[in-house]
Colleague: 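This is the structure, below, for whatever I ask next.
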Amino acid sequence: MDIQAILEEIEKEVRPLLGEGKVADYIPALANVDPKQFGMAVTLLDGTQYGVGESGKRFSIQSISKVFTFTLALHAYGPELYKRVGREPSGSPFNSLVQLEYEHGIPRNPFINAGAIVVTDSLITHFGDDYTALETIMGFIRDISDEPSVTIDPEVARSEMEHGYRNLALAHLMKSFDNIDNEVRTVVQTYFKHCAVTMSASELSRAVLYLANGGTDPITQHTFITPQQSKRINAVMLTCGHYDASGDFAFHVGLPGKSGVGGGIVAVVPGKMGICVWSPALNEQGNSLAGTRALELFTTKTGFSIF
Ligand code: DON
């Protein structure tokens with residue numbers, strides 16, 4: 001199958017959509033990104049890469065980082081982690097507060113903001129302090145992408161902290177239920193920093209290969225997590241990776257995937273490849289509009305879906 005030709009076809013087909021949707025503007029540092037950009041990349045288990053458009057341009061990975069922090073926390077705590085964060089779809093927007101009150105400060109899953117904040121808190125506790133936790137997260141991201149130059153955009157992290165009222169509210173609410181160990185500001189600040197990592201579609205498609213290969217990087221042979229944990233992470237990506245649009249994403253694309261408000265989406269084809277698409281304009285649920293369509297076209301044209 002000529003994957004490069006398929007990506008080129010997809011790029012042509014989604015071009016007309018590039019004016020639609022809206023860039024995330026609740027984070028001022030992201031509001032200025034040109035909405036009409038598009039990039040898509042595929043990395044096979046043997047490292048072969050394909051890419052179109054701006055697949056080499058770094059963007060803010062935002063909630064895609066939640067896959068990496070969830071991986072580290074699952075590795076650190078095993079099933080104990082689920083005492084503090086669930087694994088059910090929320091059916092709610094990514095930053096919703098209401099469910100958290102009804103459910104006594106236990107977030108539905110590690111991919112909504114509240115869940116990711118608990119996961120970050122658990123990493124700070126496990127690694128002893130926020131600095132070491134963040135260094136460990138960055139080290140992990142550099143390992144799985146095999147790209148030592150990956151860094152945080154401090155301007156995006158600062159901008160989020162300045163307007164972080166809702167995330168701070170989520171964290172305070174959870175603290176009141178005793179589900180945050182560390183100081184609220186420290187936890188939320190660390191969460192914003194890992195959301196502010198910048199990577200390209202090509203780097204991200206490489207980075208998720210461990211999830212396409214049962215927890216072991218197929219190129220370096222480094223084992224990060226067990227096959228069972230990898231299966232679980234993929235399952236949670238499939239059911240919760242797109243918030244209240246997760247069912248829709250499974251319906252149209254049929255792959256485990258995780259989106260971010262920077263406009264990126266990663267997807268995993270188990271046993272075959274990692275995929276990442278980036279286009280900053282978002283649909284109403286906060287997921288890349290052209291990106292979702294591009295992934296739907298990809299699974300339709302290639303037949304590479306889990307269903
Ligand atoms: O906390 C936030 O709102 C952002 N740092 C991340 C949200 C996000 O990416 C949701 N994704 N679609």
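Order of appearance sets the numbers: ligands from 1, and atoms from 1 within every ligand.
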Colleague: Verify whether one side chain among Thr125 and Asp181 offers a donor that lies under 3.5 Å from an acceptor in the other.
Modeller: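 Present: a donor and an acceptor within the cut-off.
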
Colleague: Sequence neighbours excluded, which residues qualify as salt bridge (Lys or Arg N to Asp or Glu O under 4.0 Å) partners of Glu8?
Modeller: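 Glu8 satisfies salt bridge (Lys or Arg N to Asp or Glu O under 4.0 Å) with no residue once adjacent residues are dropped.
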
Colleague: Check whether the ring centres of Phe140 and Tyr210 lie less than 6.0 Å apart, and answer yes or no.
Modeller: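 Close enough - the centres of the two rings lie under 6.0 Å apart.
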
Colleague: Using a cut-off of under 3.5 Å, which N/O atoms of ligand 1 pair up with protein N/O atoms, and what distance separates each pair?
Modeller:
unit_1: ligand 1; atom_1: 1 (O); unit_2: Asn113; atom_2: ND2; d: 3.2
unit_1: ligand 1; atom_1: 1 (O); unit_2: Glu160; atom_2: OE2; d: 3.4
unit_1: ligand 1; atom_1: 1 (O); unit_2: Asn167; atom_2: ND2; d: 2.9
unit_1: ligand 1; atom_1: 1 (O); unit_2: Tyr191; atom_2: OH; d: 2.6
unit_1: ligand 1; atom_1: 3 (O); unit_2: Tyr26; atom_2: OH; d: 2.5
unit_1: ligand 1; atom_1: 3 (O); unit_2: Asn113; atom_2: ND2; d: 3.2
unit_1: ligand 1; atom_1: 5 (N); unit_2: Gln62; atom_2: OE1; d: 2.6
unit_1: ligand 1; atom_1: 5 (N); unit_2: Glu160; atom_2: OE1; d: 2.9
unit_1: ligand 1; atom_1: 5 (N); unit_2: Glu160; atom_2: OE2; d: 2.8
unit_1: ligand 1; atom_1: 9 (O); unit_2: Ser63; atom_2: N; d: 3.1
unit_1: ligand 1; atom_1: 9 (O); unit_2: Ser63; atom_2: OG; d: 2.5
unit_1: ligand 1; atom_1: 9 (O); unit_2: Val261; atom_2: N; d: 2.9
unit_1: ligand 1; atom_1: 11 (N); unit_2: Ser63; atom_2: OG; d: 3.4
unit_1: ligand 1; atom_1: 11 (N); unit_2: Tyr243; atom_2: OH; d: 3.1
unit_1: ligand 1; atom_1: 11 (N); unit_2: Val261; atom_2: N; d: 3.4
unit_1: ligand 1; atom_1: 12 (N); unit_2: Gly286; atom_2: O; d: 3.2

Colleague: Is there a donor in the side chain of Tyr191 and an acceptor in the side chain of Asp121, or the other way round, less than 3.5 Å apart?
Modeller: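 There is no such pair (donor and acceptor under 3.5 Å, judged by atom type) between the side chains of Tyr191 and Asp121.
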
Colleague: Residues two or more places apart in sequence or in another chain: which of them pass salt bridge (Lys or Arg N to Asp or Glu O under 4.0 Å) with Lys272?
Modeller: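 Once residues adjacent in sequence are excluded, Lys272 has no partner under the salt bridge (Lys or Arg N to Asp or Glu O under 4.0 Å) criterion.
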
Colleague: Got a sec, which residues hit side-chain contact (heavy atoms from CB on, under 4.5 Å) with His126, two or more places apart in sequence or on another chain?
Modeller: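 With neighbours one apart ignored, the set is Ala76, Tyr77.
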
